[in-house]
Amino acid sequence: MEGQPANDTILEFKGVSKDFPGVRALDKVDFDLKRGEVHVLVGENGAGKSTLIKILAGVYPPTEGEIYYRGEKVEIRNPKAGLTMGISVIYQELNLVPYISVAKNIFLGREPRRKWLPFLIDYPRLHEDARGILASIGAEIDPRVNAVELGVAQSQLVEMAKAFSIKAAILVMDEPTAALTQKEIKQLFRSIEEFKKKGIGIIYISHRLEEIFDVADRVTVLRDGKVMATMPVSEVKNLDEIIRLMVGRSMTAYFSREFLTEKGDVALEVNNLTREGVLNAVNLHVRSGEIVGLAGLVGAGRTELARTLFGVDRFDDGEVKIFGKNVTMTPARSVALGIGFIPEDRKKEGLALILPVKENVIVASLKKLFPRGLINPARQSKAVNEYVKALRIVTPSIMRIVRYLSGGNQQKVVVAKWLCTRARVFIFDEPTRGVDVGAKAEIHQLMNEMVKEGAAILMISSELPEVLHMSDRIYVMHEGRIVKELQQDEADQETVLRYAMAGGAV
Amino acid sequence: MERGEIKVAFKKIPAAAFALVFLFIACSFISEYFWTGENLFNLGLQGTVLAILALAQTLCILAEGIDLSSGPLVSFCGVVVGVSLHGGLSLPVVILISLALGAAGGFLNGFLIAKVKLPPFVATFGNMGVFTGLALVITKGGSIPSFPESFRFIAGGSLWGLPFPVIILAFMILFNYVLLYHTRWGTYLFGIGGNQEAVHLIGVNDIFFKTSIYGVAGAYAGVAALVMTSRLNAAHPLVGFGMEFEAIASVIVGGCSWTLANGNPWGSLIGAATIVVLKNGLNVLGVPPAVQVVGVGAYLILAVVYDTLKGD
């Protein structure tokens, strides 16, 4: 594998595609990386960045296409193979062992041992080597402290030191700055410079577009699994250009909503809601008869906000009002007050997968329907059948185990559960994630009907066209704050994305 | 030190350390007999077996597992030791048999956990029955009494003015320390408990190392079986009954966490010491052994409640 590469290109993807059941995550992608450059990958959630990285790391095999590494065609069968070849990936969830020292983490699997007693670790050399490597990437970390004592930024530097010590030729960094402060980011960029000087190629994924100008040599924009453009950063005129490349897909497949001219009273009101490090003085309100979209990037705090509103997580400051009444939320009280929560991960949090439709629909309403604790089976079935019919849930019977229903029908079961409790305020977290196009339109239609009946809906969605099509108003979140409120007619993809990515600082 | 630092340092001290100080003071008030040479000798003797098993248990718990079969494994090894001695095998061979049998039992646990991927609780729970059953089958339910003088030296002899079991314990502590903190094996043990994925990704055979952790813990049980059998001068198939309970309790009160390999053997040793002294104190007060078990259980719960409360 060693040997002088013919040119500066260390990695080349030629026509690489990856199919998952029902989705083409990558579509004939051409991509290359040169020695000593930082190549930034940008794209919306689901554009294919992670898939590309995982193919490079050996987590998935590509469906088609070829990968060339140092001029040779290669197959990267598993992560270990990738690592041995010199491809080091730093995932967002860092891979350090918490209760051993930084030095041991850097040399895990390659610990230096004593000359005369080779079964013993040579601590002086271990620490000296670790110190040397940390210094060479400009990290001021004591190699003897346990990894658990380090913050995110320092952990990242230790991961970089690890990559450095195995003489990686390619370093992949997945959103390294997501949890860092400005000062830490500067330090990280200095370390990246050191890597570049040593001829290591870096693939850098980021959601913070403004970073491109600080760190990138070249930028590749992905959209819907395709490469929209690859260009040197010097040719990027401004961020709007990048954003335009990232968005702008066809939106005809979406259900068109009927917007009500007369809205009802304020059903849900949030004032100054704060949770240390997660939510920062969030203000919003939702009226009966409207769908309010909550846009933002993964990690902006949207799901955390939803969980806090439903009373799953606590908050430090602020207030939540339901129909004008100030309340302290717990999930039990939320149900009693008529709030329904359709969570992001319906299989884990929304459904009991191994139970039938009947139990899943009725579970949150048992107390309301049968206050004495004895279930009347006839009344139970009648109630469930009513909702199955109203929501057009496709199932042979209400005894069908929900695991065997399609994603769209599963989602409807979750909605039915809350309708059955006579909920009036609904929090939808990614309502159409993982459902096919037809079911998506049906769920949108259902939401449309619900608001016509007077429901208030707060909808979190990472899919911009969904937010734009379905919402009366849109709040954009960025790093735990609501940075912008947009009316239906003033929202477009670029505006929303600009606020979501940069908090309006562009 | 700043006030905050003192608070943090204070929080790192396991409940068991406070309990030990308290127990020493309490016991000196309860009985003049407590500090006599004879009683301390007894404490050392009783403590050795538990301390060795607590060290073994620490290895398993650091690796995010548990070993419920360690008590029965002591019984099983002890019974085989008894049969071997009566069969006329020499002492070094008998010692090797005990260690090898313990290691084999441990490897079986490790294989089921690391390779077959059974939950540690289930694998070792099952073997708890297997080892007890085997011990009962070998002795047909009875016990094997009276062994040669040379074997009885293990628990009854003394060297350099110290009871020999205490010297065995000292050796085990040293061995365990070197193993955990000065070898790759120890590093991988913390790695497997803390982030097995990281160990796997770096190209280390994590399945093998995980298996071997239980093997080593089993060999420790083999050592404990030798001391126990020698001390009683008899091998009984139910002698290890409940020992795993006290060993696990020692580790828990010693502050070892169930996850991420957050802990050390020192806390477990202190934990074992508290349990031995607690039982000794209760003994002196004339509390029957059955009620002593209640005492140990209550102490365990109190210690965990303390740890939970101070965590906030």
Side-chain angles (χ1 to χ4, degrees), chain A residues 54 57-59 76-91 93-114 116-126 130 144 146-150 155 158-159 162-163 165-166 168 172 314, chain B residues 4-5 8-9 11-12 14 58-59 61-64 174-210 212-213 216 251 254-268 312:
Chain A
K54 284 185 172 154
V59 178
I76 307 162
R77 285 195 191 81
N78 53 51
K80 213 150 74 181
L83 203 65
T84 324
M85 287 164 63
I87 301 166
S88 188
V89 183
I90 303 178
Y91 293 101
E93 65 285 2
L94 301 165
N95 258 326
L96 295 181
V97 175
Y99 287 93
I100 60 174
S101 68
V102 166
K104 280 187 175 179
N105 265 293
I106 293 174
F107 289 102
L108 193 64
R110 292 162 293 110
E111 298 81 0
R113 279 162 304 162
R114 288 178 195 275
W116 302 111
L117 294 165
F119 54 90
L120 296 183
I121 293 172
D122 187 346
Y123 274 105
R125 224 181 94 203
L126 177 75
R144 287 166 307 179
N146 281 350
V148 71
E149 319 252 330
L150 305 179
S155 302
V158 173
E159 286 266 24
K162 203 160 132 185
S165 80
I166 63 165
V172 180
R314 296 174 182 285
Chain B
E5 284 178 44
V8 170
K11 275 188 177 180
K12 279 189 180 162
T58 309
L59 300 181
I61 290 179
L62 283 176
E64 287 201 327
L174 182 68
F175 176 80
N176 189 69
Y177 163 72
V178 172
L179 195 59
L180 269 182
Y181 295 106
H182 284 273
T183 67
R184 296 176 149 203
W185 190 88
T187 307
Y188 300 153
L189 182 142
F190 280 98
I192 283 164
N195 191 340
Q196 192 170 347
E197 184 64 14
V199 177
H200 176 73
L201 283 180
I202 215 78
V204 169
N205 186 344
D206 52 321
I207 305 289
F208 167 76
F209 275 99
K210 198 170 186 174
S212 71
I213 291 167
V216 171
V251 179
C256 193
S257 146
W258 291 108
T259 53
L260 297 182
N262 177 12
N264 59 60
W266 317 121
S268 308
D312 283 327

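By convention in this document, chain letters (A, B, ...) are assigned in the order of the sequence lines, proteins followed by strands, and residues within each chain are numbered from 1. Note that the coordinates shown come from a computational prediction; the quantities given were computed from them, not determined experimentally.
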Response to the item:
Taken to the nearest 0.5 Å, the spacing of B:Arg184 CZ from A:Arg113 CZ works out to 3.5 Å
Response to the item:
Scanning both residues in full, the closest heavy-atom pair of B:Thr183 with A:Phe119 reads CG2-O, 3.5 Å
Worksheet, complete the sentence: Scanning both residues in full, the closest heavy-atom pair of A:Tyr123 with B:His182 reads CE1-ND1, 3.3 Å
Fill in: Closest-packed option against chain B by number of heavy-atom pairs under 4.5 Å, given A:Lys80, A:Lys162, A:Glu111, A:Arg114
A:Glu111
Worksheet entry | A:Leu96 portion near chain B, given a 4.5 angstrom heavy-atom threshold | backbone
Practice prompt. Just give me the residue among B:Val204, B:Ile192, B:Leu260 that pairs up with chain A most often, heavy atom to heavy atom, under 4.5 Å.
Written response: B:Leu260
Discussion item. Could you report the tightest heavy-atom contact between B:Phe190 and A:Tyr99, atom names first, then the distance?
Written reply: CD2-O, 3.8 Å
Discussion item. Would B:Thr187 and A:Leu108 count as a side chain to side chain contact (heavy atoms under 4.5 Å, CB included) here? Give the steps.
Written reply: CA-CA 8 Å; B:Thr187 307; A:Leu108 193 64; 3.9 Å; yes
Worksheet item: If you round to the nearest 0.5 Å, how far is NE2 of B:His200 from CG of A:Asn95?
Response: 11.0 Å
Discussion item. Please identify, among B:Asn262, B:Asn264, B:Leu179, the residue contributing the most non-hydrogen atom pairs under 4.5 Å to chain A.
Written reply: B:Asn262
Worksheet entry | A:Leu94 portion near chain B, given a 4.5 angstrom heavy-atom threshold | backbone
Practice prompt. Check A:Lys104 against B:Tyr181 and note the closest heavy-atom contact, atom names and distance.
Written response: NZ-O, 3.8 Å
Fill in: A:Arg110 atom CZ: more than 12 heavy-atom contacts under 6.0 Å
yes
Practice prompt. Provide the closest heavy-atom pair for A:Pro98 versus B:Gly194 in the form atom of the first, atom of the second, distance.
Written response: CD-O, 3.5 Å
Worksheet item: Roughly how far apart are A:Ile100 CD1 and B:Leu189 CG, rounded to 0.5 Å?
Response: 10.5 Å
Item to complete: Can you see which heavy atom on B:Ile202 is nearest to which on A:Leu83, and at what distance?
Response: CA-CD2, 3.9 Å
